[in-house]
Amino acid sequence: MFEQEYIRKKKIKKIKLLGIDPYPSKIIKINYSIKKILKNKQNIINKNKILYLSGRIFNIRNMGISTFVDIKDYSEKKIQLYYNINKLNKKYRENNFYIFLFKKYLDIGDIIWIKGNLFITKVKEYTILIKKIVLLSKCIYPIPNVKQKNKKIYYKFKDKEKRYRMRYLDLIVNEKSKKNFIIRSLIINYIRKFLNKFNYIEVDTPILQNIPGGAYAKPFITYHNKFKKKLYLRISNELYLKKLIVGGFKGVYEFSKNFRNESIDKIHNPEFTILEFYVPYKNYVWMMNFLQKLLIYICKKTFNKTKIKINNINIDFKKKIKKIKLFNIINKYSKLNINENTSINTLREISKKLKLNVDKKEKIIDNIFNIYCKDKIKNPVFIIDYPIYMSPLAKSKSNNYKITERFELYINSIEIANAYTELNDPIEQYKRLKEQKNKIDKDFIKSLKIGMPPTVGIGIGIDRLIALLTNNFNIQEVILFPQMK
RNA sequence: GACUUGGUAGCUCAGCUGGUAGAGCAUUACACUUUUAAUGUAAGGGUCCUGGGUUCGAAUCCCAGCCAGGUCACCA
């Protein structure tokens, strides 16, 4: 063990010798949060109210028999404490006790409870004059000593690997980090609130699946001992939610943890959160409007505005979101001339020229789009009119079989949502899945045979959306414990 | 998986063309009765990511590996 930890363990021994439990079990009386104190400071001083609160020590300034301590509590505000031997309760004035406990054995990182009154120091800082201190939890592992002056932060704890592996420490020390996760919680709650307003039902569907369906991705494989068979962690919950629409709900949604056995980057984590949401008797055009309303609602409720600066671009979610046809945007930026009828051979030639190393139609188109178009899209855009071979679960347009009723929402070059009018023709669906040569979830086909009403469905990447709205460029910043080796 | 940058004290980082390891904060001791990045004086603290190699001598050069960041590929 390193030096500082050794010293603190020794302190614990001495504290115990004084008859003090460094980790007491107590019911803690708290009548004010620091935030509340700062809000009502004048009133508290005028009435000389007694304050009970607890928090973590962030700094200690020792000055002879006076000491200043900064603490922060769950309200994310800091306040200064002051104690002076002459002003303490009698019990604490016995010299040994005072020196041991207050002068020598409190450390940065300790969690304490205090009783005291508010006053103003000579330099006009609102400060609590301590009457009593109780140690609630001794900190043995020294926390990074972040310092601050005029809102400038010094000695910031910023090693990404350490921050992610020890997120608890990151949350203690980096206010911005904690704020991201508070916003994450708010956004998820507002989405839920918005969907509940329409009486859509929140559901849970299996995470362990027999056949990983609803998307293409490598699954995580596990094994059921009793059944003696492989099970898969879901890559998507899409098929199950459609089964529920067959079952007759007015609309269903699920904040779905999905798992994909693929690599990690700025916008991918092996486990991630997708909001999947299905509504019968509606189509993809309706969903575009609904999605925008949802985004406006989230922004208004969370940030109290609809204009948000993302990656130095002002995005106004109230502005009508442009619709652009997939092949139009591809042809515009690539100077190619392709469409849904372009033959596989022509596409393969293009793939060769661009050294894409892919030979399936859908992959070639996807690659071309990524190369030429993605970076150009900063403001929110609905990309529409995806060809049928890219969208095996989407319904074709009535006037063009080869194009589907589908859109993807892109913001700041990132795919945020994917939605389509669901294919509900069981014969057609079976045919399309068969063409993909994947294992087919026959139960899903069976449910379609029973009959699914015309339905629209959407998947919204929650981690990505939150990263975007908090102006982070890496979803690791909004996933509490991102996957690490 | 490929390329690229990095890994040095608890934290943030220096350390040049190889010569036995540095700073600030944190820690310890002393001083100080209103400080706030407190201050002053002194002290302690290192498997320089790991393993090899070159060399009289490696944090530094070479090779291999581990971990992380970034870019790309796969994917959402």
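Each chain gets a letter, A, B and so on, in the order the sequences are listed, and its residues count up from 1. Just so it is clear, the structure is predicted and the values come from calculations on it, not from any experiment.
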Distances under 3.5 Å between protein N/O atoms and the N/O atoms of nucleotides 65-72 of chain B, please, pair by pair.
from	atom 1	to	atom 2	distance (Å)
B:C67	OP1	A:Lys485	NZ	3.1
B:C67	OP2	A:Lys485	NZ	3.2
B:C67	O3'	A:Arg165	NH2	3.1
B:C67	O2'	A:Glu161	OE1	3.4
B:C67	O2'	A:Glu161	OE2	2.4
B:A68	OP1	A:Lys485	N	2.7
B:A68	O4'	A:Glu161	OE1	3.1
B:G69	OP1	A:Gln476	OE1	2.7
B:G69	OP1	A:Gln476	NE2	3.3
B:G70	OP1	A:Asn474	ND2	2.7
B:U71	OP1	A:Lys266	NZ	2.4

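When the side chain to side chain donor-acceptor pair (under 3.5 Å) test is applied to A:Lys242, the partners found at least two apart in sequence or on another chain are A:Glu238, A:Glu422. Residues forming a side chain to side chain donor-acceptor pair (under 3.5 Å) with A:Tyr126 (at least two apart in sequence, or on another chain): A:Gln42.
Taking only distance into account, the side chain of A:Asn84 meets the base of B:U33 through a donor-acceptor pair shorter than 3.5 Å.
Contact annotation: A:Lys158 side-chain N/O to B:C13 OP1/OP2 distance is under 4.0 Å. The shortest distance between the side-chain N/O atoms of A:Arg61 and the OP1/OP2 oxygens of B:A38 is below 4.0 Å. Within the structure, a side-chain polar atom (N or O) of A:Asn367 is placed less than 4.0 Å from OP1 or OP2 of B:C74. A sub-4.0 Å separation between OP1 or OP2 of B:A26 and a side-chain N or O of A:Lys147 is present. OP1 or OP2 of B:A38 sits under 4.0 Å from a side-chain N or O of A:Asn59.
Residue pairs meeting the side-chain hydrogen bond (donor to acceptor under 3.5 Å, both in side chains) criterion with at least one partner in residues 204-220 of chain A, sequence neighbours excluded, are A:Thr205-A:Arg234, A:Thr205-A:Glu254, A:Asn210-A:Lys229, A:Tyr216-A:Gln436.
Counting any heavy atom pair closer than 4.0 Å across all strands shown, A:Phe157 reaches sugar-phosphate atoms only and no base atom.
Using a 4.0 Å cut-off on heavy atoms, the residues of residues 208-221 of chain A that approach RNA chain B are A:Tyr216, listed by number.
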Check your understanding: For every nucleotide of nucleotides 39-48 of chain B, 5' to 3': is a protein heavy atom under 4.0 Å from its base (B), only from its sugar-phosphate (S), or from neither (-)?
Key -> -----BS---
